[in-house]
*Asks:* 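Can you keep this structure in mind? I'll have questions shortly.
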Amino acid sequence: DTAVSQTPKYLVTQMGNDKSIKCEQNLGHDTMYWYKQDSKKFLKIMFSYNNKELIINETVPNRFSPKSPDKAHLNLHINSLELGDSAVYFCASSPSGTSGTNEQFFGPGTRLTVL
Amino acid sequence: DAKTTQPTSMDCAEGRAANLPCNHSTISGNEYVYWYRQIHSQGPQYIIHGLKNNETNEMASLIITEDRKSSTLILPHATLRDTAVYYCASGGSNYKLTFGKGTLLTVNP
């Protein structure tokens, strides 16, 4: 009954490769997010989608491309992987509403290691 | 987007209250204060949030100063399982949460 799930949990790959991380939520939320957590544990938003539309796109290299086939899924594709892309990537989701709050639920994370 | 600052680490004795401070002096009027925690290798877990009033739930209490420039998360009776990194974050209706660098809370027996 996992609320927000990500696959794979671990991803080890060579520099220059292309890889994808998948995220699914079964909470019925309209909004989904990708965060990057670096080695210093700093958590930074990368992208957000609301009802399959991109609403947040922080300063992220265009080698990173999110795709939302439906509002329960948000995948992250990374082209030409670099050493600096090594990090833990978290997916999250939240309900959208008019209250102004933004309680987000996070997945377990994908630890990406680029060699 | 409001920037939040937190102490890097804190210790607390088991069974005592843990009081974790956060400074968010640039928070705007419509931004909420959120607290999350991250236990080693897991995804961040939502704890509580508030706008102006103090809030309490089954996990913790949130005290927000009247000028909203700072807040304190209170774990009333800390247990060893509360050892984690606690993140203070701010965000409004624009779907964006800006996280602080977190406080590593170590609960000691």
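A note on names: the letters A, B, ... follow the listed sequences, proteins ahead of strands, and every chain is numbered from 1.
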*Asks:* Ignoring hydrogens, what is the shortest heavy-atom contact between B:Q38 and A:F90? Give both atom names and the distance.
*Replies:* NE2-CZ, 3.3 Å
*Asks:* So A:Q104 and B:Y36, do their side chains get closer than 4.5 Å, heavy atoms only?
*Replies:* yes
*Asks:* Within residues 44-54 of chain B, which residues come under 4.5 Å of chain A, heavy atom to heavy atom?
*Replies:* B:P44, B:Y46, B:H49
*Asks:* Is it true that A:Y49 and A:Y35 fall in one hydrophobic cluster, defined by side-chain heavy atoms closer than 4.5 Å?
*Replies:* no
*Asks:* Checking heavy atoms, do the side chain of A:L43, its backbone, both or neither come under 4.5 Å from chain B?
*Replies:* both
*Asks:* Say you draw a straight line from CG of B:L97 to OH of A:Y33; how long is it, rounded to the nearest 0.5 Å?
*Replies:* 6.5 Å
*Asks:* Does B:R16, at its CZ atom, have more than 12 non-hydrogen atoms belonging to other residues, nucleotides or ligands within less than 6.0 Å?
*Replies:* no
*Asks:* Count I, L, V, M, F, W, Y as connected when their side-chain heavy atoms are under 4.5 Å apart, and connections chain through other members. Are A:I56 and A:Y89 then in the same cluster?
*Replies:* no
*Asks:* Determine whether A:L74 and A:I21 fall in the same hydrophobic cluster, where Ile, Leu, Val, Met, Phe, Trp and Tyr are linked whenever their side-chain heavy atoms lie under 4.5 Å apart.
*Replies:* yes
*Asks:* Do the side chains of A:L81 and A:V12 join up, straight or via other hydrophobic residues, at under 4.5 Å, putting them in one cluster?
*Replies:* no
*Asks:* Minimum heavy-atom separation for A:Q37 to B:Y87, with atom names?
*Replies:* NE2-OH, 3.0 Å
*Asks:* Let me check something: do B:V33 and B:I74 share a hydrophobic cluster, defined by ILVMFWY side-chain heavy atoms less than 4.5 Å apart, either directly or through other members?
*Replies:* no
*Asks:* Near A:K9 NZ, under 6.0 Å, is it more than 12 heavy atoms from other residues, nucleotides or ligands?
*Replies:* yes
*Asks:* Tabulate, in ascending numerical order, the residues of residues 99-109 of chain B having at least one heavy atom closer than 4.5 Å to a heavy atom of chain A, or enter 'none'.
*Replies:* B:F99, B:G100, B:K101
